[in-house]
Amino acid sequence: MANSTTTVLDVDWAVDWLRRSAAVVAENRMALIELDRAIGDGDHGENMDRGFSAIVEKLDSEPPATPGAAFKLAAMTLMSKVGGAAGPLYGTAFLRAATAVGDVPELDSAAVAAALAAARDGVVARGKAEVGDKTMIDAWTPAVDAAAEAAAAGSRPAAVLSAAATAAEAGAASTDPLVAHKGRASYLGERAIGHRDPGAVSSALILRAAALAAGADA
Ligand code: ADP
Ligand code: MG
């Protein structure tokens, strides 16, 4: 298993990441539903739980051979099983990450940071949100920046992902005072103020799962 001094992450990390994501999404299903109830239609927790449960089933039946194959499996499953905005957005994120890493067996810190950047770029290409629009991009963009900085400073993958997760958590919290400019919450105008964006919260949970799978401290 990966630990904080591991220099490269392999398919076992990628699979562990997806399994931990499924667990944390299941654990936070009601919390995500409640966040989405406040500023959306209340289905985000259910959407994410359905998608990640399906990913775990696929991992059991068709174990991937590389990190890229694991990301592709996640992408395909999320796109086919999850409706709403988040399914195609997360699906695109994982698909772009898969393309970014290709079929190499191991990812170093730079490759991990590049995969996160590609994932974020995919969400932007698909959803056209910018930082401050009160979406998952408010978690992803600071995470990508923190990961790039940590990788450039020579940090190990666990520290790169830990920096990304911490930045994503702060980014999710930063959505509280915002009016939404994308997605269902944008219909609410000022009534969205004071509520945290559910997709930003699920993104932070998933990025923290990536760090824990890489051996970072909780
Ligand atoms: P839906 O809004 O269709 O019900 P979900 O509830 O599953 O789908 O997901 C809502 C989340 O999707 C939001 O909290 C937000 O983070 C994200 N989202 C919605 N639209 C966009 C967009 N255009 N770009 C980025 N993220 C978006
Ligand atoms: Mg919703």
Side-chain angles (χ1 to χ4, degrees), residues 18 21-56 71 74-97 115-145 147 164-165 167-210:
L18 293 171
S21 295
V24 77
V25 161
E27 208 174 292
N28 286 275
R29 184 175 174 277
M30 262 329 287
L32 294 172
I33 284 174
E34 272 156 26
L35 289 173
D36 196 32
R37 233 177 232 157
I39 59 168
D41 56 357
D43 63 354
H44 189 60
E46 194 163 340
N47 288 342
M48 296 297 288
D49 190 26
R50 183 178 345 105
F52 275 89
S53 299
I55 288 173
V56 169
F71 297 162
M76 295 309 173
T77 309
L78 292 172
M79 286 189 194
S80 67
K81 298 279 180 196
V82 183
L89 290 168
Y90 273 114
T92 305
F94 276 107
L95 196 58
R96 293 285 188 100
L116 294 185
R120 184 276 314 273
D121 292 348
V123 175
V124 171
R126 181 120 199 172
K128 310 274 184 277
E130 293 171 11
V131 169
D133 283 347
K134 200 178 181 101
T135 71
M136 61 173 75
I137 287 302
D138 290 336
W140 276 96
T141 288
V144 164
D145 293 346
E169 286 155 5
S174 81
T175 65
D176 291 4
L178 301 176
V179 168
H181 297 295
K182 288 281 186 285
R184 285 180 199 281
S186 64
Y187 308 142
L188 290 181
E190 303 214 328
R191 279 180 293 146
I193 292 174
H195 299 285
R196 194 159 298 184
D197 179 64
V201 171
S202 62
S203 296
L205 292 173
I206 287 166
L207 288 167
R208 180 59 67 192

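Just so it is clear, the values below take in all heavy atoms, side chains as well, and ignore hydrogens, waters and symmetry mates. Both counts, for ligands and for their atoms, begin at 1 and track the order of listing.
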Exercise: identify the closest heavy-atom pair between [X] and [Y]:
X: Ala129; Y: Val124; value: O-CG2, 3.9 Å
X: Ala200; Y: Thr175; value: CB-CG2, 4.2 Å
X: Ser174; Y: Gly171; value: OG-O, 2.6 Å

What protein heavy atom sits nearest [atom], and how far away is it?
atom: atom 1 (P) of ligand 1; result: Arg184 NE, 3.4 Å
atom: atom 17 (C) of ligand 1; result: Met136 CE, 3.9 Å
atom: atom 23 (N) of ligand 1; result: Gly127 O, 2.9 Å
atom: atom 18 (N) of ligand 1; result: Leu89 CD1, 3.7 Å
atom: atom 9 (O) of ligand 1; result: His44 ND1, 3.2 Å

For [X], is at least one N or O under 3.5 Å away from an N or O on ligand 1?
X: Lys182; answer: no
X: Asn47; answer: yes
X: Asp41; answer: yes

*asked:* Please list, in number order, the atoms of ligand 1 under 4.0 Å from a heavy atom of Asp36.
replied: 6 (O)
*Under 4.0 Å from any heavy atom of Asp197, which atoms of ligand 1 are there?*
13 (C), 14 (O), 15 (C), 16 (O)
Quick one: pull up [atom1] in [X] and [atom2] in [Y] and give me the separation to the nearest 0.5 Å.
X: Asn28; Y: Ser202; atom1: CG; atom2: OG; value: 9.5 Å
X: His181; Y: Lys134; atom1: NE2; atom2: NZ; value: 10.0 Å
X: Arg50; Y: Ile55; atom1: CZ; atom2: CD1; value: 12.0 Å
X: Ile39; Y: Glu34; atom1: CD1; atom2: CD; value: 13.5 Å
X: Met136; Y: Asp197; atom1: CE; atom2: CG; value: 7.5 Å

Measure from [atom] to every heavy atom in [options] and give the option owning the shortest one.
atom: atom 20 (N) of ligand 1; options: Ala86, Pro88, Ala185, Gly183; value: Gly183
atom: atom 24 (N) of ligand 1; options: Ala129, Ala200, Ser202; value: Ala129
atom: atom 6 (O) of ligand 1; options: Thr92, Ile137, Thr135, Asp43; value: Asp43
atom: atom 12 (O) of ligand 1; options: Ala85, Ala139, Gly84, Gly42; value: Ala85

*Passes side-chain contact (heavy atoms from CB on, under 4.5 Å), Leu207 versus Trp140? Steps please.*
CA-CA 9 Å; Leu207 288 167; Trp140 276 96; 4.2 Å; yes
_Restricting to under 2.8 Å, identify the protein N, O or S atoms around the Mg ion (ligand 2) as residue plus atom._
Asp36 OD2, Asp41 OD1, Asp43 OD1
*Using the salt bridge (charged side-chain N to carboxylate O under 4.0 Å, His left out) rule, collect all pairs that involve residues 176-189, keeping only residues at least two apart or in two chains.*
Asp41-Arg184, Asp176-Arg196
*Strictly under 4.0 Å, does any heavy atom of Gly40 approach an atom of ligand 1?*
no
*asked:* Once you measure the plane-to-plane angle for Phe94 and Phe71, does it fall in the parallel (<30°), tilted (30-60°) or perpendicular (>60°) bin?
replied: tilted
_Checking His195 against Leu188 for the side-chain contact (heavy atoms from CB on, under 4.5 Å) test, could you report, in this order, the C-alpha distance in whole Å, the side-chain angles of both residues, the deciding distance, and whether it holds?_
CA-CA 11 Å; His195 299 285; Leu188 290 181; over 6 Å; no
*Does the side-chain contact (heavy atoms from CB on, under 4.5 Å) test come out yes or no for Ile193 and Val179, once each step is laid out?*
CA-CA 6 Å; Ile193 292 174; Val179 168; 3.8 Å; yes
